[in-house]
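All heavy atoms count here, side chains included; hydrogens, waters and symmetry mates do not. In what follows, chains are A, B, ... by sequence order, proteins preceding strands, each numbered from 1.
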Amino acid sequence: MGEVYKPEEIEIKWQRIWEEKGVFRVKEDPDKPKYYVLEMFPYPSGRIHMGHVRNYTIGDVIARYKKMRGFNVLHPMGWDAFGLPAENAALKHGVHPADWTYDNIDYMRRQLRRLGFSYDWSREFATCDHEYYRHEQRFFIEMLERGLAYRKKTLVNWCPSCHTVLANEQVEDGACWRCGTEVVQREMEGWFFRITAYAEELLRDLEKLQGKWPEKVLVMQRNWIGKSEGAEIEFEVDGLPEKITVFTTRPDTLYGVTFVSLSPEHPLAERLAERAGIKEELLAFREKARRARREIEEGLAEKEGLFLEAYAIHPLTGEKVPIYAANFVLMEYGTGAVMAVPAHDQRDFEFARKYGLPIKVVINPEDAELDPETMEAAYEEPGVMVNSGPFTGLPSEEGKRAIVEHLEKIGVGRKKVSYRLRDWGVSRQRYWGCPIPVVYCERCGVVPEKLENLPVKLPLNAQIDEAGRSPLPKLESFLKTECPRCGGPARRETDTFDTFVESSWYFARFACPDAKEPLVSEKVHYWLPVDQYIGGIEHAILHLLYARFFTKVLRDLGYLHLDEPFEKLLTQGMVIKEPYKCPRHGWLYPEEVSESGTCLKEGCGERVIVGRPEKMSKSKCNVVDPDEMIKRYGADTVRLFMLFAAPPERDLEWSDQGIEGAFRFLKRLYHLVSEWSEKIREVEPYSGDGNDLPSELKALRRKTHQTIRKVTQDLEERLHFNTAIAAIMELVNHLEDTLKKASPEAPGFYEVLKETLRAIVLLLSPMTPHICEELWEKLGEKGLVAETEWPEWSEEVAREEEITVVVQVNGKVRDQLRVPAGTPEERVRELALSSSKVKRHLEGKTIRKVVFVPGRLINFVAN
RNA sequence: GCCGAGGUGGCGGAAUUGGUAGACGCGCUGGAUUCAGGAUCCAGUGGGGAUACCCCCGUGCGGGUUCGAGUCCCGCCCUCGGCACCA
């Protein structure tokens with residue numbers, strides 16, 4: 001059998017060589033086209049998991065492939081290093097968040113190196129380095145000056161367990177995205193980024209990403225931004241100078257308004273309640289609504305209202321309609337006030353029925369007349385306007401325009417666009433984050449830190465308290481400072497940034513990680529945008545929207561020159577595995593399940609239930625540890641399996657037998673090359689025209705060139721590594737067959753063998769780089785495979801000389817013919833009709849029609 | 001409820017433009033090797049009928065277009081993901 005494949009030896013050897021030669025270090029080179037490949041950087045949680053391995057393997061294949069194609073490839077890696085788990089670890093194990101974080105980074109860096117990823121490690125940084133976040137603080141100050149960052153008091157999502165505010169995007173089904181605790185509403189002052197100022201651009205530029213980003217992500221972002229066009233309409237309040245401004249998308253239903261609903265948080269609600277002497281009731285109502293927010297948002301809670309004993313005046317009819325506070329009206333959307341049209345809005349309909357308010361039909365369907373008495377639901381479709389004064393008779397779509405025009409003319413309304421997107425709350429009451437660089441001065445109020453005083457360093461001499469609260473508000477040395485403006489005594493901001501701020505611009509910093517200034521124009525100009533970004537779908541909204549926003553802000557601040565940061569996006573699927581569950585012992589590790597599928601715990605013997613494959617999680621005991629797999633099979637095998645088992649955008653089911661298969665393939669290839677290496681080391685790859693070769697060698701060359709074409713197309717156009725690998729396996733199978741058949745004495749034997757083996761090694765090298773370097777060396781090649789050009793194919797050589805033509809009778813396959821390529825229809829027909837199988841099926845029938853598809857099939861239609 | 005993706009052998013998945021459904025891998029069956037197991041190698045492997053040539057059926061279900069449909073159209077079912085009182 002000869003040499004044994006020893007992955008660990010080979011892999012460490014080549015990793016050292018790549019490192020020593022600085023193969024993946026890059027700098028700007030105006031003579032070469034650049035290519036920037038980026039994978040979403042990890043949170044240093046302790047160890048990498050299979051999801052990381054998959055993500056980074058995909059990126060590595062692309063980076064290595066592009067390099068072989070002659071691109072100057074930037075492929076960096078870093079650490080999203082601020083965040084809550086560091087504080088939790090500090091609480092649990094008494095380690096400082098900084099130590100915990102940097103230790104984790106060291107461990108995980110080693111893991112990534114062991115996988116052989118082609119990173120330019122000289123560019124590595126962690127976002128908790130003050131040399132990184134100092135620039136973020138500068139951006140913040142500049143945003144503050146431009147009104148893009150501001151402070152306000154609002155109802156915020158508060159996680160009682162994490163002691164912090166959460167952005168809307170961080171609330172999932174009413175629970176904290178990190179710890180799952182139910183989120184409560186709380187009024188707080190905090191810092192916000194005015195992302196809504198970019199709502200329209202963020203929406204519009206999604207068009208530029210069409211076809212380059214997954215449609216799914218574009219749809220999710222579009223929905224999140226949630227543009228709706230409508231109008232603002234003013235209602236006077238009877239007996240008071242105040243006005244209520246409502247937002248509606250249905251100005252055509254204005255004549256159907258029978259009451260007005262205010263959010264319980266609406267300032268006017270409080271004033272009206274006070275006037276009516278029911279302030280207590282309102283406050284109780286508001287409290288209840290806040291508490292029930294989750295059920296309200298899930299549509300579970302009953303609609304409730306509180307009559308504020310006041311009336312609004314209809315701007316067109318002058319009619320008086322009651323004003324209610326209603327628990328389903330959101331202060332954060334539109335104006336916090338809604339004109340209620342029960343006949344044509346389901347929510348208002350339910351509310352009206354509950355409180356016995358009138359229902360007035362103003363839109364009829366084309367072919368029917370609605371009766372408010374018998375209606376069971378609101379009619380929300382377009383139709384014909386009725387009971388609408390001068391607008392009666394108009395189609396409702398036209399009526400929208402007509403009414404808004406009229407309102408504008410008389411000055412009580414206007415066209416208006418609303419967005420669901422809200423400003424991004426970035427304040428976190430956390431310790432392990434980037435300090436927000438402002439101070440509170442008794443005299444000057446809120447003052448930004450001077451640029452030359454940056455960074456405002458996070459003090460490392462602090463300990464989290466037992467409740468998990470940030471130590472900053474109690475840390476005098478940090479807290480006490482002087483006002484950058486007047487020099488008087490001042491207090492530092494103790495909130496830190498949401499960690500999504502750091503990940504919103506790290507991709508740009510990789511262009512110039514060591515620069516004194518935030519972003520070096522020429523470098524950023526050369527490398528950006530990211531040509532291919534790769535990461536999990538879970539960031540479809542949060543991270544990707546913020547990064548897009550930051551790109552636009554940094555552009556407007558003069559740091560960047562582009563509108564969109566990520567040219568192409570690939571969202572890879574999860575790595576999943578079936579969990580095992582024992583009815584008595586709960587979730588089991590695979591080694592706790594017997595061969596025959598029974599529970600081995602405490603001699604239990606109960607039949608184990610195999611669940612459907614799902615995301616790996618510790619609690620379900622279905623995690624596979626990358627370290628263990630690397631130890632057993634080597635990095636190349638793990639990488640190969642990750643790429644082969646499914647196309648990248650789909651979920652990948654972990655399979656112990658599957659990885660065995662990948663290992664087997666690499667072993668086979670290793671032995672194959674080893675076996676022939678002596679004989680072909682000095683041989684030049686075949687370069688003739690093929691006419692001197694026996695047919696099986698010609699066929700092998702054909703297959704080789706077809707495979708180069710196929711693999712190149714799969715990597716270039718579709719990023720479908722699974723089919724690329726399948727094609728290479730086919731070539732290896734074909735080669736082995738040929739070696740059995742062909743005689744080494746045949747002319748050109750060694751040359752063709754060399755040509756084929758070279759191609760196999762080159763094609764496979766982006767996916768399993770270590771074994772390929774080793775085999776490259778065995779083939780007697782000089783230099784590194786990583787620095788070799790990607791192979792070319794020749795259409796001439798790849799062309800089939802003989803093809804299979806399928807013969808059908810009435811659309812059913814009856815025979816197959818081998819004919820020279822390009823055989824004309826007449827000849828194919830002649831051959832087909834002489835086939836006994838075909839004759840049998842045509843017996844007693846008349847041919848009505850013949851369909852001929854050149855190179856594919858001939859079909860006789862007969863009856 | 002709305003939006004999106006998907007449903008193909010025992011399993012993961014191929015089929016890129018409407019043209020041989022099931023590439024490649026796993027598993028399984030038989031054989032070689034072995035004291036035995038493992039590893040490796042060879043052959044077979046969608047279902048059914050005949051076991052020789054062959055024939056019938058088959059890509060979630062029902063219809064349609066077409067010489068020909070996994071692929072296109074219409075109507076359903078199921079699974080997964082996202083959003084959801086946004087006025």
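- A/Val861 comes within contact range of the sugar-phosphate backbone alone, with a heavy-atom separation under 4.0 Å but no base atom that close.
- Interface remark: the A/Lys303 side chain does form a donor-acceptor pair with the B/rC85 base, using a distance-only criterion of under 3.5 Å.
- Judged by Watson-Crick or G-U wobble contacts below 3.5 Å, the nucleotide B/rA39 has no partner.
- Residue contacts for A/Val329: at a heavy-atom cut-off of 4.0 Å it reaches a base atom on one of the strands shown.
- Base pairing annotation: B/rU59 forms no Watson-Crick or G-U wobble pair, as no partner gives both donor-acceptor distances under 3.5 Å.
- Applying the salt bridge (Lys or Arg N to Asp or Glu O under 4.0 Å) test to pairs two or more places apart or on separate chains, none has a residue in residues 640-655 of chain A.
- In the interface, the side chain of A/Arg420 is not paired with the base of B/rC83 through any donor and acceptor atom under 3.5 Å apart.
- Counting non-hydrogen atoms under 4.0 angstrom, A/Ser418 reaches nothing in the nucleic acid.
- Across every strand in view, B/rG1 sits in a pair with B/rC83 that passes the Watson-Crick or G-U test at under 3.5 angstrom.
- Residue-level contact check: A/Glu660 touches neither bases nor backbone, having no heavy atom under 4.0 Å from any strand.
- Closest contact between the side chain of A/Asn859 and the listed nucleotides B/rG25, B/rC56, B/rG68 involves B/rG68.
- Using a 4.0 Å heavy-atom criterion, one finds that A/Gly334 contacts no nucleic acid atom at all.
- A donor-acceptor contact under 3.5 angstrom links the side chains of A/Arg818 and A/Thr804, judged on distance only.
- Across every strand in view, B/rG6 sits in a pair with B/rC78 that passes the Watson-Crick or G-U test at under 3.5 angstrom.
- Pairing for B/rA52 is absent, with no Watson-Crick or G-U wobble pair whose two atom distances lie under 3.5 Å.
- The nucleotide B/rG27 finds its pairing partner in B/rU45, both defining distances of the Watson-Crick or G-U wobble pair being shorter than 3.5 Å.
- With a 6.0 Å cutoff to the six-membered ring centre and a 45° limit on the axis angle, A/Lys667 does not count as a cation-pi contact of A/Tyr5.
- Judged purely by distance below 3.5 Å, without hydrogens or angles, the side chains of A/Asn810 and A/Arg848 never pair a donor atom with an acceptor atom.
- Remark: B/rU34 base-pairs with no nucleotide in the shown strands. Criterion, Watson-Crick or G-U wobble with two distances under 3.5 Å.
- Counting non-hydrogen atoms under 4.0 angstrom, A/His344 reaches nothing in the nucleic acid.
- For the pair A/Val806 and A/Gly226, nearest-nucleotide mapping onto RNA chain B gives the more 5' position to A/Val806.
- Side-chain atoms of A/Glu381 and A/Tyr379 form no donor-acceptor pair, as typed in the model, at a separation below 3.5 Å.
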